[in-house]
Peer 1: 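Got a structure for you, questions after.
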Amino acid sequence: LNSKFVLSPLVNWREPKKSAAAFGVSLLVLVSVATLSVISVVSYLPLLPVSRVYKSVIQAVQKSDQGHPFRSLLDRDISVSPESIRLLVDRSLVLLNRFTDQMRKLLLVEDMFDSLKLAGVMWMMTYVGAIFNGVSILILADIVFFSTPLIYQKKKVRQNETNINSVFKRTSAFFLSASSPKACTHTHIY
């Protein structure tokens, strides 16, 4: 699976329920990591589905016919094929080789300008690190990741309408001024 095609519908909110669930879960995990220790968060996450066992116990006591609450998930095949693992490893290897090659060029100063840009960015990141911790930056990135495409889609329609009106006005002004005899010498479109 190409991650671009998996994340695109989520980020662009094509399926609002799934997007809201992904955004909510990712934000909840990040805020939990920010307020609790990572060990606590990792311990609490498996407790969520186990707490659903309570429902099955209640059903058994009440002799309900609904069956096991996770029957659909238990029946689903979750095995990973060797082809998908090979594909993932091949893609990861290409990315790792690209990354190590680029880092070698930057850190061993193959191009002075690129190495100076890296040094400048890393120096600025020390100030960002002094203000924010890593989890706060991840929370901000998560919010931007899910909200920017939605805002862009809403503003794009308005911007396109504005651009079309602007082009129409310029075009009509150009043709109107070109049709008058005194304006034919100087016609500027801005």
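Values reported hereafter were calculated over all heavy atoms of this structure, with side chains retained and with hydrogens, waters and symmetry mates removed.
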Peer 1: Would Tyr44 and Val42 show up in the same hydrophobic cluster when neighbours are defined by side-chain heavy atoms closer than 4.5 Å?
Peer 2: yes
Peer 1: Please collect all salt bridge (Lys or Arg N to Asp or Glu O under 4.0 Å) contacts where either partner lies in residues 114-133, sequence neighbours excluded, each pair once.
Peer 2: Asp114-Lys117
Peer 1: Within the side chain of Asp77, is there an N or O that forms a donor-acceptor pair under 3.5 Å with the backbone of Ser79?
Peer 2: yes
Peer 1: How about CD1 on Ile39, more than 12 heavy atoms from neighbouring residues, nucleotides or ligands closer than 6.0 Å, or not?
Peer 2: no
Peer 1: When you check the gap from the basic side-chain N to the acidic O, do Asp101 and Lys105 get nearer than 4.0 Å?
Peer 2: yes
Peer 1: Are Val89 and Leu95 grouped together when hydrophobic residues (ILVMFWY) are joined by side-chain heavy atoms under 4.5 angstrom apart?
Peer 2: no
Peer 1: Are Leu106 and Val109 linked, directly or through other ILVMFWY residues, by side chains that come within less than 4.5 angstrom of each other?
Peer 2: no
Peer 1: Roughly how far, to the nearest 0.5 Å, is CD of Glu83 from CD1 of Ile85?
Peer 2: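 Interatomic distance, Ile85 CD1 to Glu83 CD, rounded to 0.5 Å: 10.0 Å.
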Peer 1: Please tabulate, one pair per line, all N/O donor-acceptor pairs under 3.5 Å involving side-chain atoms of residues 18-36, not counting sequence neighbours.
Peer 2:
{"residue": "Lys18", "atom": "NZ", "partner": "Glu15", "partner atom": "OE1", "Å": "3.2"}
{"residue": "Ser19", "atom": "OG", "partner": "Leu10", "partner atom": "O", "Å": "2.6"}
{"residue": "Ser19", "atom": "OG", "partner": "Glu15", "partner atom": "O", "Å": "3.3"}
{"residue": "Ser26", "atom": "OG", "partner": "Ala22", "partner atom": "O", "Å": "3.0"}
{"residue": "Ser26", "atom": "OG", "partner": "Phe23", "partner atom": "O", "Å": "3.0"}
{"residue": "Ser26", "atom": "OG", "partner": "Asp142", "partner atom": "OD1", "Å": "3.0"}
{"residue": "Ser26", "atom": "OG", "partner": "Asp142", "partner atom": "OD2", "Å": "2.9"}
{"residue": "Ser32", "atom": "OG", "partner": "Leu28", "partner atom": "O", "Å": "2.7"}
{"residue": "Thr35", "atom": "OG1", "partner": "Val31", "partner atom": "O", "Å": "3.1"}
{"residue": "Thr35", "atom": "OG1", "partner": "Ser32", "partner atom": "O", "Å": "3.4"}

Peer 1: Could you go through residues 121-139 and list every donor-acceptor pair under 3.5 Å that involves a side-chain atom there, pairing it with any protein atom two or more places apart or in another chain?
Peer 2:
{"residue": "Thr126", "atom": "OG1", "partner": "Trp123", "partner atom": "O", "Å": "2.4"}
{"residue": "Asn133", "atom": "OD1", "partner": "Val135", "partner atom": "N", "Å": "3.4"}
{"residue": "Asn133", "atom": "OD1", "partner": "Ser136", "partner atom": "N", "Å": "2.8"}
{"residue": "Asn133", "atom": "OD1", "partner": "Ser136", "partner atom": "OG", "Å": "2.8"}

Peer 1: Quick one: do the Ser40 and Ser43 side chains pair a donor with an acceptor below 3.5 Å?
Peer 2: no
Peer 1: What are the two closest heavy atoms between Val11 and Pro149, and how far apart are they?
Peer 2: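 Looks like CG1-CG, 3.1 Å.
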Peer 1: I'd like to know whether Leu118 forms a side-chain contact (heavy atoms from CB on, under 4.5 Å) with Leu107, so could you lay out the CA-CA distance, the side-chain angles of the two residues, the decisive distance to 0.1 Å, and finally the verdict.
Peer 2: CA-CA 9 Å; Leu118 175 69; Leu107 296 176; 4.0 Å; yes
Peer 1: Could you tell me the separation between the CG atom of Leu108 and the CD atom of Glu110, rounded to the nearest 0.5 Å?
Peer 2: 9.0 Å
Peer 1: From Phe145 CZ over to Leu140 CG, what is the distance, rounded to the nearest 0.5 angstrom?
Peer 2: 15.0 Å
